[in-house]
J.: 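Before we start, here is the structure in question, set down as C-alpha cells.
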Amino acid sequence: MRKVRLLDLSFSPRVDDEVIRLPNLVTCDSLEVLRLFLYKRPLSLPTVTGFPALQVLQLNSVELWDDDSVHQFLKSCPLLEDLSLINCALHAFYDLCISSPSLKTLRIKNTGFIGGSHGLQICSPTICCPKLVLLEYAGHAATLLSIENLDSLKKAVIYPDAAMAHKQLAFKLLAYSMCQLFAGVSHVESLSLNLFFIQVQTNIFMLSALFFVRLYAVSKVA
C-alpha cells in the first residue's frame, strides 16, 4: 500500500463496541484521499504520525473516540484541504476542535442520529481554519458553536433543521449558536440559507424587540 493515493474503506467489526484503529495505514505516505464509512463504529485516530500527503478526509457514520486524537491527527496532516464529517458522533466528550492551517473546505452534515447518541449537535465544536474557503453546515445543529479566524471564507451553506426546536431551552441555545455562526460567516461572497435558519433569526429579532418594549414599559412605570 505504499503507492496508494486514494483509499475507500467501508466495513463494520463483528463486535459492536470494538474500537477501530488505523496503525497500519500510517505507513502509507502516498495517501492523498481517505474515505471511511464505519457503520456507526468508534474510530481512534493515530496521534503520533498522521498522513503527510493527505489532502481529502471523509468520515461517514463514524463515532469519534476522543477529542485529543482528532485535534492531534489534524495537526499531523499538513496538506489537508478538504474535511467532511457526515453523520458522525462523539464517544464521551463534548468539545470538538477543528483546527487546521491548510483546510479550505469543511463539511459538517449531521442529518441522522447515530446509535443512541445525537451526533455532533450535543457537542461544542470550535472551528478555526484561517484558509477556509467553503463551509457547509447542515442537519442537527450544535447548541454551542465557536467560530474563529475565518477571514478567507468565500462561500457558506447553512441548512440547520428543527430537530430540537420543540424544547424552549434547546431552541434558545440553537438560536444563540446560529447567531454565532452567522456572525462568523456574514462577510462571505456567497451565502445559502434554508427557511428554518431564517425563522430562527426572525424569532430572535422578535424576542429582542419584545424585550426592549417591556424594558421601556417598566422604565416608564418606575
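Basis for what follows: all heavy atoms, side chains included, without hydrogens, waters or symmetry-related copies. Please read these numbers as outputs of a predicted model, since none were measured by experiment.
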J.: With under 30° as parallel and over 60° as perpendicular, where do the rings of F182 and F197 fit, or are they tilted in between?
T.: tilted

J.: If two hydrophobic side chains count as joined below 4.5 Å and joins carry through other members, does L193 share a cluster with V188?
T.: yes

J.: Test: salt bridge (charged side-chain N to carboxylate O under 4.0 Å, His left out). Region: residues 173-200. Which pairs qualify, not counting sequence neighbours?
T.: K154-E189

J.: Check salt bridge (charged side-chain N to carboxylate O under 4.0 Å, His left out) between E148 and all other residues, then give those that pass, not counting sequence neighbours.
T.: none

J.: Do F196 and L191 share a hydrophobic cluster (ILVMFWY, side-chain heavy atoms under 4.5 Å, transitive)?
T.: yes

J.: Atom CG in N149, atom CD1 in I147: separation rounded to 0.5 Å?
T.: 11.0 Å

J.: Flag yes if L34 and I98 sit in one hydrophobic cluster, no otherwise; membership is Ile, Leu, Val, Met, Phe, Trp, Tyr, and two members link when side-chain heavy atoms are under 4.5 Å apart.
T.: yes

J.: Starting from L38, can I reach L7 by hopping between I/L/V/M/F/W/Y residues whose side chains sit under 4.5 Å apart?
T.: yes

J.: Please round to the nearest 0.5 Å and tell me the distance separating atom CG of L6 and atom CZ of R35.
T.: 5.0 Å

J.: Which heavy atom of L79 sits nearest to which heavy atom of S102, and what is that distance?
T.: C-OG, 3.8 Å

J.: Please report the C-alpha distance between L181 and L135 in whole Å, then the side-chain angles of each, then the deciding distance to 0.1 Å, and finally whether the side-chain contact (heavy atoms from CB on, under 4.5 Å) criterion is met.
T.: CA-CA 11 Å; L181 180 57; L135 172 63; 4.1 Å; yes

J.: Are V4 and L80 linked, directly or through other ILVMFWY residues, by side chains that come within less than 4.5 angstrom of each other?
T.: yes

J.: Is there side-chain contact between R107 and I86, with heavy atoms separated by less than 4.5 Å?
T.: no

J.: Would you compute the distance between atom NZ of K155 and atom OG of S192 and round it to the nearest 0.5 angstrom?
T.: 5.5 Å

J.: What's the spacing between Q72 CD and C77 SG if we round to 0.5 Å?
T.: 11.5 Å

J.: Minimum heavy-atom separation for L54 to L57, with atom names?
T.: CD2-CB, 4.1 Å

J.: Can a donor-acceptor pair be found, under 3.5 Å and without considering hydrogens, that links the side chain of S61 to the backbone of F37?
T.: no

J.: Would you say that I158 contacts P160 through its side chain, given a criterion of any heavy-atom pair below 4.5 Å between the two side chains?
T.: yes

J.: Do you know the tightest heavy-atom contact between V62 and L36?
T.: CG2-O, 4.1 Å

J.: Looking at S100 and P130, what are the two nearest heavy atoms and their distance?
T.: O-CD, 3.6 Å

J.: What's the spacing between I108 CD1 and L106 CG if we round to 0.5 Å?
T.: 4.5 Å

J.: Write down the atom of K3, the atom of S30, and the distance for their closest heavy-atom approach.
T.: C-OG, 3.1 Å

J.: Quick one: OG on S152 to CG on L150, what's the gap to the nearest 0.5 Å?
T.: 8.5 Å

J.: Test D82 against S84 for side-chain contact (heavy atoms from CB on, under 4.5 Å), laying out the working first.
T.: CA-CA 7 Å; D82 191 310; S84 297; 3.8 Å; yes

J.: Which other residues end up in the same hydrophobic cluster as V157, if Ile, Leu, Val, Met, Phe, Trp and Tyr are linked when side-chain heavy atoms come under 4.5 Å apart?
T.: Y159

